[in-house]
Number of protein chains: 2
Amino acid sequence: MKKQVTIKDIAQQLGFSVSTVSRALKDHPDISIKTREAVKQLATLLGYRPNRIALNLKNSKTNTIGLIIPEVEHYFFSSIINGIEEVAYENNYYVMVFQSNESYMREVLNLQALATNRVDGVLASFSKETHNFSHFNQIIDYEIPLVFFDRVVNDMHADTVVSDDFHGAYLAVEHLIKRGCKNIALYSSPRHLQISQGRHDGYKKALEDNGMTYNTDLVYSCDTFEDAMKISRSILKKQNRPDGVFAVNDMTAIGVLKVAKELGIKIPEELKIAGFENSRSSKVVDPELTTVDQFGFDLGKKAAALLLKRINDQDFTYEPENIVIKPKLVVRKSS
Amino acid sequence: MKKQVTIKDIAQQLGFSVSTVSRALKDHPDISIKTREAVKQLATLLGYRPNRIALNLKNSKTNTIGLIIPEVEHYFFSSIINGIEEVAYENNYYVMVFQSNESYMREVLNLQALATNRVDGVLASFSKETHNFSHFNQIIDYEIPLVFFDRVVNDMHADTVVSDDFHGAYLAVEHLIKRGCKNIALYSSPRHLQISQGRHDGYKKALEDNGMTYNTDLVYSCDTFEDAMKISRSILKKQNRPDGVFAVNDMTAIGVLKVAKELGIKIPEELKIAGFENSRSSKVVDPELTTVDQFGFDLGKKAAALLLKRINDQDFTYEPENIVIKPKLVVRKSS
DNA sequence: ATGAAAGCGCTAACAC
DNA sequence: GTGTTAGCGCTTTCAT
């Protein structure tokens, strides 16, 4: 990089001191108009750019937020990033992204990098591998505000922003019931993710509220497209196969949908399917997938806004907030 | 944020000078083993984290690369980010993301923010609105290495990394011809994006190489799902409707596919379709979409690696490189 | 209306 | 083997 022009250069060329230049640049009233203009003119002429690094050091403030995310490629996460970037942009903050790639080790290192980089705050959604949260506690020890989104821990000094998984699942399953399903299967993630717990409970409650019995035989541990294709081939061939499927994410639901079509099962007549996410793909399959919109963009915005509020707060002894985004059922042709 | 512990704190508590502590922390051989250990022990005890900002200022180096991207939500772009982050992580670099949201204005501001933040290099794909590139030239003036990816400009002191659009399109169209298409339509983006130019030319060349005539009546300006749905309704109802469609991206191809199904046109028997991107959605539609894989992850990695090389190079007078990623045709059921 | 100087946290050249 | 000091670019207090 070329030697950057500094206020010192401007000062020397104009015969002023650096402090005068510094003040002139920010229109300090003490400085005469004439001087201000001369300074600014030379500044643009020389292509002067204030050096944020110097400011960061001086103010112990970087205007940067660190983002820890499992994987950017996932539609839901990328829409969250979109929301975060939006709010950051509006408030003159910068976003440093770190992917954990669902690796605990990498997440720990990422957090260290964030601390070292002196970000003003952290937005995080932890990896599937993460069961120990002491690396997050370290961040909190430094009094760097932390907001969890989507995948959250509750017994920490950190705010959380999630979508209401329970409610979303409830809506979807209730809908399947209203459409006449008597025998609804659940395709769900490993239980330790709070997310899947909520969706599981919503599923259960919807059944019970409608006089149906919850049956663990209908609960399958499966949350990917590939696995769904695999296990559905046998599930859907059973004598008393389900007449409805609720899956914890769209790709899983689509796996079921595909197999059903292969097997000649009519959707929605013989099998109704609902997913969770409202991804691009859900709009594109045939029949289009009924699903629950999680409003990732919104979630990202809310999380970022809350973080900025914490950053601007004086003291670190705030009571953590738990924001819940109400999801919405999007009814399409698969149900 | 809590007052962070600095080497000065460690020095005072131990009765050493800051320079000794500094050296001890990096295992400088001059320092006695005993001192080194004492220092390191106290450092971990106090939760010391080196302050990168101070280093950044001292070295005029931030180990940060700035990323300007039209929109993170797009699958192709998010897979590029994935590749970039991967390389950055491996090399102890950090990534600051800026979305232009396809807005020229915002892109200009983003570039200023990057310069101000003293990133060591910039990766950029410009917005659809961008026709004037002087903001990029400013970055080059500062001698900040710049690598364009996907959407590139050639007459600049900047490297470029793109997928071979011409070749990809050629493969797809040649394939359609081999499958028997006589009348292939092109759904393409506005011409000024180099991307669509290449894909257009590949389409044309494939036709000509196979003794077919290029006919502008078969070239439609359309590159979104919605538009594709709209215009296809009339195009596919025509007397001499096309028997093949090549679209510059998957979502457009999928729009065509949907309308064809609505109209009862059999795919692939009566109409063969190919897209470009190999998105998630392309695997999920019915019939699955034949498409061209652009290897976004790879492209991101290559772009980042090239940028890091430029950053580490001493002089800025390098000859820009133009890397071309060979795409691959993925044949599926739609053709 | 302007200047001098200290300081943000760290490193490295130069003492001793 | 350890300490002193200047300096990275900027702001700001305290002079003048």
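A note on names: the letters A, B, ... follow the listed sequences, proteins ahead of strands, and every chain is numbered from 1. Quick caveat: nothing in here was measured; it's all calculated off a predicted structure.
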What pairs of donor and acceptor atoms, side-chain ones from residues 138-147 of chain B against any protein atom, are under 3.5 angstrom apart with sequence neighbours left out?
{"residue": "B/Tyr142", "atom": "OH", "partner": "A/Gly47", "partner atom": "O", "Å": "3.1"}
{"residue": "B/Tyr142", "atom": "OH", "partner": "A/Arg49", "partner atom": "NE", "Å": "3.2"}

Hey, can you pull the residues of residues 3-16 of chain B with a non-hydrogen atom under 4.0 angstrom from DNA chain D?
B/Gly15, B/Phe16
Residues from residues 43-51 of chain A lying under 4.0 Å of DNA chain D - heavy atoms:
A/Tyr48, A/Pro50, A/Asn51
Pair A/Glu321 + A/Lys309, salt bridge at N-O below 4.0 Å:
yes
Please check if the side chain of [X] supplies one atom and the backbone of [Y] the other of a donor-acceptor pair under 3.5 Å.
X: A/Arg36; Y: A/Leu25; result: no
X: B/Ser60; Y: B/Asn56; result: no
X: A/Asn110; Y: A/Gln99; result: yes
X: A/Asn82; Y: A/Ser78; result: no
X: B/Asn63; Y: B/Asn92; result: yes

Quick check for you: name the first and last nucleotides of DNA chain C, 5' to 3', having an atom under 4.0 Å from a heavy atom of chain A.
C/dA1 to C/dG9
Does the side chain of [X] get closer than 4.0 angstrom to OP1 or OP2 of [N] through an N or O atom?
X: B/Ser32; N: D/dT2; value: yes
X: A/Ser22; N: D/dC10; value: no
X: B/Ser17; N: D/dT2; value: no

Under 30°, 30 to 60°, or over 60°: which ring-plane class applies to A/Phe126 and A/Phe148, parallel, tilted or perpendicular?
perpendicular
For DNA chain C, what residues of residues 54-64 of chain B have any heavy atom nearer than 4.0 Å?
B/Ala54, B/Leu55, B/Lys58
Residues in side-chain hydrogen bond (donor to acceptor under 3.5 Å, both in side chains) contact with A/Asp120, at least two apart in sequence or another chain
A/Lys61, A/Thr62
Tell me, please, which residues at least two apart from A/Asp30 pass side-chain hydrogen bond (donor to acceptor under 3.5 Å, both in side chains).
none
Sequence neighbours left out, what passes side-chain contact (heavy atoms from CB on, under 4.5 Å) with B/Phe295? Give chain and number order.
B/Asp293, B/Asp298, B/Ile325, B/Lys328
Applying side-chain contact (heavy atoms from CB on, under 4.5 Å), can you list everything that pairs with B/Ser17, at least two apart in sequence or on another chain?
B/Ser19, B/Thr20
Under the ring pair (Phe, Tyr, Trp, His ring centres under 6.0 Å) test, residues paired with A/Tyr104 that sit two or more places apart:
A/His135
Given DNA chain C, 5'-ward residue of the pair A/Val18 and A/Pro29, judged by closest heavy atom:
A/Pro29
Step through the shown structure and confirm whether more than 12 heavy atoms of other residues, nucleotides or ligands are within 6.0 Å of CD on B/Gln41.
no
Using a cutoff of under 3.5 Å, can you pull out all pairs of nitrogen or oxygen atoms linking the protein to nucleotides 13-16 of chain D, with atom names and distances?
{"residue": "D/dT13", "atom": "O4", "partner": "A/Arg23", "partner atom": "NH1", "Å": "3.3"}

Not counting sequence neighbours, list each pair that qualifies as a salt bridge (charged side-chain N to carboxylate O under 4.0 Å, His left out) and has a residue in residues 93-116 of chain B.
A/Glu85-B/Arg106, A/Glu86-B/Arg106, B/Glu102-B/Arg151
